A.B. asks: 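Can you read through this structure? Questions will come right after.
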Amino acid sequence: MELLYYIFVSVTALVTFLASFFHFSPSALDSSTSLGNPPSSVENLYLKSFSLTNSSLYHPIVDKVVLMVVDSLRYDFLGDELLLDRTYMPYVSSLLRNDETSCITKATASPPTVTMPRIKAITTGMAPTYIDIIRNLNATHVSDDNILLRARNHGLKLAFYGDDTWLKMFPGYFQRSEGVTSFYVSDYTEVDVNVTRNVVEELKNDDWNILILHYLGLDHIGHVHGAFSDLIPEKLKEMDYVFQLIHDHLTEKRRETKKSFLMILCGDHGMKDQGGHGGASADETTVPFITVGLPCSSEEKNAITQLDIVPTLSVLMGLPIPLKSSGNLALNLLRSLSTKQLLFSLFYNNELLAQKYAKLRRLSIEDECYKDYLAAKDSYTKWSQSTGANSDALKPNSILLLAKSSKCMSSVIIASATTFDLPSMLFAIGLSVQVTVLLFFRPDLKTTSVLGILIFGFLAAATLLLLGNMFVCESRSATSLCTNSLSSFFLLLVFCVNCTLVGLGRAQFSSQKLNLRNRLLAFLSFGTCLHLVSVISSSFIEEEHQIWYYLTPSFVSLLLLCVSNSRKNLIQLIITLCIFRFFRKLNATGDKWASEVDIGDILQENRMLLSGFTFVSLFFNSLCLIWIRIKFYASKLPSILHLVLLPILATIHFTFQMIVNNLNPFFNLSDHYRDDDISFLSALVAWLYWIVSIVILAEDIIKLYVSRNQITRLETWSEVFRIMLMSWLFSIGLLQKPHNIILIPVFVFVCHIIQKTLFDLYESSELILCIIHHWLGLLFYFYQGNSNSLATIDVSAGYVGLTHFNFAHVGFQICVSLSAYPILSYILLLNYLIRTSNCTQSFLRKIRRANNVLMTIQIIHLTFFLFVITLMRYHLFIWSVFSPKLLYLSYHTSVFFVLVTVFEAIYLVLEYNV
């Protein structure tokens with residue numbers, strides 16, 4: 001039971017830390033946002049002569065704005081050198097070459113590079129918090145001041161078509177709208193056709209002021225086929241046609257009505273070469289920002305951030321700049337403004353930034369940003385009071401100083417967007433440290449003085465917490481520990497209980513010794529510590545796979561030296577090393593070498609080759625399933641039904657891969673069938689796969705039930721564990737990319753070789769087996785193409801067997817795909833332990849020791865990384881490298897806790913029955 005308590009405390013610590021690290025305090029909407037003009041606080045600017053109510057200084061420059069967002073449109077999709085070398089978007093390219101009112105600017109999207117936070121950035125001007133990546137799965141109403149709210153309050157009419165995330169974030173804002181589901185990535189045709197159909201109808205109306213379009217097809221192609229798919233150019237040409245359609249219409253209307261317009265084409269974020277996004281690589285964060293309709297400049301030095309879009313558009317539309325905007329004005333897009341308008345707009349935005357900056361810093365003459373602000377204000381004052389040639393001479397300096405001041409304050413405001421609840425973070429680390437100590441030094445609850453130690457330890461811990469809490473709450477009232485809530489009391493109580501348990505464990509310290517009885521265990525301990533220390537470095541986190549690519553083959557090489565007298569073991573281990581070398585090139589991952597061509601890329605480019613590779617992989621997978629049936633089953637012989645259904649299952653699986661990945665080199669499905677038809681057919685085949693899998697498992701379950709009185713209890717549970725193994729293999733098989741299917745049988749093969757070799761060396765080697773299985777699970781996790789970047793999550797796995805988006809179903813299947821090999825390694829370990837046990841009591845001891853070892857490794861890793869990320873909370877790469885690693889580690893730890901809880905419950909049931 002104590003292991004379940006440790007899991008409970010660890011989960012409590014983890015949840016507390018995550019809530020404190022991704023600290024979010026929702027801000028109420030400022031009352032001034034309801035005003036028709038910019039907020040009254042800006043009416044009282046330093047120079048009274050320039051009031052915002054003066055229409056000659058601040059008024060709309062454009063009558064209509066079209067914002068066309070193409071999801072995952074990264075900058076190099078349009079080509080370098082202003083599209084001169086690409087024809088993917090010929091019409092846009094011709095405008096950029098020949099039209100002086102067209103220009104392209106590099107825009108930077110800060111991580112997390114997922115849709116909802118990026119929409120929030122380009123509408124509010126606020127830097128999204130990292131917790132918004134969770135909200136991306138279920139977008140909610142934006143309560144912060146934003147440009148759409150300002151436009152609506154000024155009587156402008158808005159229309160929207162595209163990603164329904166906008167409608168969830170801005171409900172009731174649009175006069176006309178229609179959303180499309182953003183998460184069903186298998187659809188990349190109809191999802192855009194529906195938007196374009198509405199665009200054609202909307203252009204017949206002339207009552208709108210702002211038209212927003214959000215196309216999803218390009219993003220969906222990337223998730224399923226990658227950034228270099230042949231479908232990418234075709235999709236870009238489709239987007240080019242839509243842009244031309246709208247531009248031709250607006251140009252004609254301008255000639256008839258003399259009304260100006262501004263068209264914007266941009267991406268919300270980019271994508272990696274593999275097609276995913278969410279991280280901080282240049283491909284994910286650099287997007288094009290194309291404007292057509294107003295004089296502008298495309299110079300390289302004019303690069304902007306997405307936060308700059310809000311104040312710039314506000315000025316062009318004559319709208320109040322949202323109060324919480326932290327962006328700068330993009331000067332290259334404001335060339336249609338007069339000198340007075342430009343300088344006033346710069347001054348206006350500078351004053352808004354200064355108001356926010358004053359709340360973050362204590363203003364003094366030593367503050368560089370404050371000095372820049374005073375210099376900019378003084379220069380603006382002198383310019384406003386000058387006339388003639390003197391005014392023209394002061395203009396460049398005023399623009400320069402205002403831009404410099406805004407940039408300085410903006411950078412500080414953005415950096416201060418996230419706050420940390422440090423006391424709660426440290427408290428969570430303390431809880432995790434307590435669990436780590438308790439795992440090493442178990443409390444002896446049979447001690448005669450247990451009551452006295454409990455009382456003393458509890459009172460000592462309570463006194464310590466009381467003093468610490470008084471100090472913290474006096475100095476930092478922001479921490480959640482200072483609230484009088486039930487949760488705060490619960491956390492403090494758990495801390496006190498743990499202190500007493502640690503006190504009980506100290507009596508056993510002298511009798512517990514770390515036993516490094518051989519070279520293998522010493523190397524495994526060293527490797528585990530090496531991996532632990534590596535998380536201090538952001539580069540090692542990005543390239544974590546390299547650590548496992550080095551450590552695991554090194555262990556096998558060391559094992560090779562230990563079995564030099566066994567020819568069979570030597571050959572098997574050499575084959576294992578060759579397999580490791582091959583799989584290193586199967587999927588390029590990490591950051592530095594992720595763009596290199598790998599075996600998966602080569603196979604994807606040749607449908608014939610990929611089709612053959614998939615067939616061979618499924619053949620070996622079927623052999624693996626039959627081998628498991630023979631090796632693990634009590635009767636040692638597979639049934640006729642198994643021998644018939646397993647090849648049928650492989651055939652169904654191959655058919656599914658042929659449909660989904662279009663593997664038939666002689667027949668292109670997309671040329672003859674609509675996407676909806678292909679999606680329906682693939683879902684039908686997937687469900688047929690699940691049905692056949694269930695039939696195979698059902699036969700085993702029925703046979704086990706019938707023979708339950710004819711076999712021992714140990715054999716019964718051995719069958720239960722084998723059925724669990726088969727169930728998991730069936731589950732993960734269909735979710736793999738076609739070139740990754742081979743990983744499944746090879747993983748089972750490698751685990752068996754290492755298990756057998758270790759058994760030949762040491763009959764009792766559970767500790768070594770536990771650690772190496774943990775390593776192997778992580779090694780194949782990275783072989784699968786995963787990394788510590790959110791961009792490498794295989795979203796397409798969530799849509800297997802679906803024709804429509806279902807949040808729970810998609811989320812579950814993505815989690816299964818992500819956890820495939822760590823869970824498989826754990827199940828294989830337990831299957832080995834029960835097969836090498838001679839009685840139920842022996843198995844119970846082994847499973848308990850295995851859970852303790854794996855639990856200790858996981859908790860130490862978690863505790864150490866929580867400590868590291870607390871120290872690194874102001875690191876340059878805290879959001880791009882350390883935070884994604886924290887999310888991954890939290891996820892894998894949670895999955896492991898669920899596994900241990902399930903098998904600990906099985907342990908308790910078995911122990912009770914014995």
Side-chain angles (χ1 to χ4, degrees), residues 226 273-274 527 543-561 563 568-625 627 650 653-654 657 661 663 729 732-733 735-757 772-787 792 794 817 820-822 824-825 828:
D273 292 344
Q274 294 83 355
E543 308 297 333
E544 183 182 350
H545 60 286
Q546 299 288 359
I547 296 174
W548 300 115
Y549 288 178
Y550 166 76
L551 286 177
T552 313
S554 297
F555 172 82
V556 175
S557 300
L558 186 60
L559 198 59
L560 200 62
L561 298 176
V563 295
K568 183 179 179 181
N569 286 340
L570 276 173
I571 294 173
Q572 290 178 337
L573 291 175
I574 291 172
I575 292 174
T576 301
L577 288 174
C578 293
I579 289 171
F580 288 164
R581 188 64 188 88
F582 174 80
F583 283 159
R584 283 190 64 165
K585 290 296 183 180
L586 186 62
N587 293 292
T589 186
D591 180 63
K592 293 181 174 61
W593 297 280
S595 58
E596 288 188 354
V597 177
D598 52 43
I599 295 173
D601 294 331
I602 296 172
L603 292 172
Q604 293 287 351
E605 292 174 1
N606 190 319
R607 285 194 291 169
M608 177 83 73
L609 194 61
L610 180 58
S611 178
F613 189 81
T614 304
F615 179 83
V616 172
S617 300
L618 288 171
F619 174 75
F620 281 113
N621 196 46
S622 298
L623 290 180
C624 175
L625 293 171
W627 177 82
H653 193 171
F654 184 71
Q657 295 294 347
N661 295 286
L663 298 185
L729 290 174
I732 66 176
L735 304 182
Q736 301 293 306
K737 291 183 178 179
H739 65 278
N740 281 342
I741 296 172
I742 191 64
L743 290 170
I744 298 174
V746 169
F747 184 81
V748 176
F749 170 75
V750 168
C751 286
H752 173 67
I753 289 176
I754 293 178
Q755 288 168 358
K756 183 177 178 299
T757 305
I772 193 56
H773 269 266
H774 175 71
W775 284 20
L776 286 170
L778 291 171
L779 177 69
F780 276 73
Y781 167 80
F782 288 110
Y783 280 159
Q784 195 180 1
N786 295 307
S787 72
T792 55
D794 183 14
S817 175
Y821 294 100
L824 182 57
S825 75
L828 283 170

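What you see is a predicted model, and the numbers here were worked out from it, not measured in a lab.
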A.B. asks: For the CG atom of L610 and the CD atom of Q657, what is their distance to the nearest 0.5 Å?
C.D. replies: 8.5 Å
A.B. asks: Ignoring hydrogens, what is the shortest heavy-atom contact between L776 and C751? Give both atom names and the distance.
C.D. replies: CD1-SG, 3.9 Å
A.B. asks: According to side-chain contact (heavy atoms from CB on, under 4.5 Å), who are the partners of P822, at least two apart in sequence or on a separate chain?
C.D. replies: Y781
A.B. asks: Given side chains that start at C-beta, do those of W627 and P745 come closer than 4.5 Å, heavy atoms only?
C.D. replies: no
A.B. asks: Is there side-chain contact between S557 and L577, with at least one heavy-atom pair below 4.5 Å?
C.D. replies: yes
A.B. asks: Identify the heavy atoms of L609 and N606 that sit nearest to each other, and give their distance.
C.D. replies: N-OD1, 3.0 Å
A.B. asks: Given Y783, which partner from the list Y549, F747, W548, Y821 fulfils the ring-ring contact (aromatic ring centres under 6.0 Å, His included) test?
C.D. replies: Y549
A.B. asks: Decide yes or no for I602 and V597: does some side-chain heavy atom of the first lie under 4.5 Å from some side-chain heavy atom of the second?
C.D. replies: yes
A.B. asks: Who pairs with F749 by side-chain contact (heavy atoms from CB on, under 4.5 Å), at least two apart in sequence or on another chain?
C.D. replies: I575, I579, I753
A.B. asks: How close do S617 and I742 get, heavy atom to heavy atom, and via which atoms?
C.D. replies: OG-CB, 3.4 Å
A.B. asks: Using the ring of each side chain (for Trp, its six-membered ring), is F583 parallel, tilted or perpendicular to F780, with breaks at 30° and 60°?
C.D. replies: perpendicular
A.B. asks: Within a strict 4.5 Å, meaning less than it, do heavy atoms of the Q784 and S817 side chains meet?
C.D. replies: yes
A.B. asks: If you look only at pairs with a residue in residues 578-588, which of them pass as a side chain to side chain donor-acceptor pair (under 3.5 Å), with sequence neighbours excluded?
C.D. replies: Q546-R584, N587-H739, N587-N740
A.B. asks: Within the supplied structure, the quantity of interest is the number of heavy atoms (other residues, nucleotides, ligands) at a distance under 6.0 Å from F619 CZ; does it exceed 12?
C.D. replies: no
A.B. asks: Could you tell me which residues satisfy side-chain contact (heavy atoms from CB on, under 4.5 Å) with D273, sequence neighbours excluded, listed by chain and number?
C.D. replies: R74, F228, D283, S595
A.B. asks: Out of curiosity, L778 CG to S825 OG, how far, rounded to the nearest 0.5 Å?
C.D. replies: 7.5 Å
A.B. asks: Is there side-chain contact between E544 and S787, with heavy atoms separated by less than 4.5 Å?
C.D. replies: no
A.B. asks: With rounding to the nearest 0.5 angstrom, report the CG to CD1 distance, L824 to I744.
C.D. replies: 8.0 Å
A.B. asks: Which pair of non-hydrogen atoms, one from A820 and one from I732, has the smallest distance, and what is that distance?
C.D. replies: CB-CG2, 3.8 Å
A.B. asks: Output the distance between atom CG (L573) and atom SG (C578), rounded to the nearest 0.5 Å.
C.D. replies: 11.0 Å
A.B. asks: Does the side chain of L586 reach to within under 4.5 Å of the side chain of D598, using non-hydrogen atoms?
C.D. replies: no
A.B. asks: As an exercise, state the distance from CD1 of I741 to CZ of F613, rounded to the nearest 0.5 Å.
C.D. replies: 9.0 Å
A.B. asks: Decide yes or no on side-chain contact (heavy atoms from CB on, under 4.5 Å) for I599 and F582, but give the supporting numbers first.
C.D. replies: CA-CA 9 Å; I599 295 173; F582 174 80; 3.4 Å; yes
A.B. asks: For residues D794 and L735, report the shortest heavy-atom separation together with the two atoms involved.
C.D. replies: OD2-O, 4.1 Å
A.B. asks: Distance check, rounded to the nearest 0.5 Å: K737 atom NZ versus L743 atom CG?
C.D. replies: 12.0 Å
A.B. asks: For K756, what residues pass the salt bridge (Lys or Arg N to Asp or Glu O under 4.0 Å) criterion, not counting sequence neighbours?
C.D. replies: D760
A.B. asks: By side-chain hydrogen bond (donor to acceptor under 3.5 Å, both in side chains), which residues pair with T614, not counting sequence neighbours?
C.D. replies: none
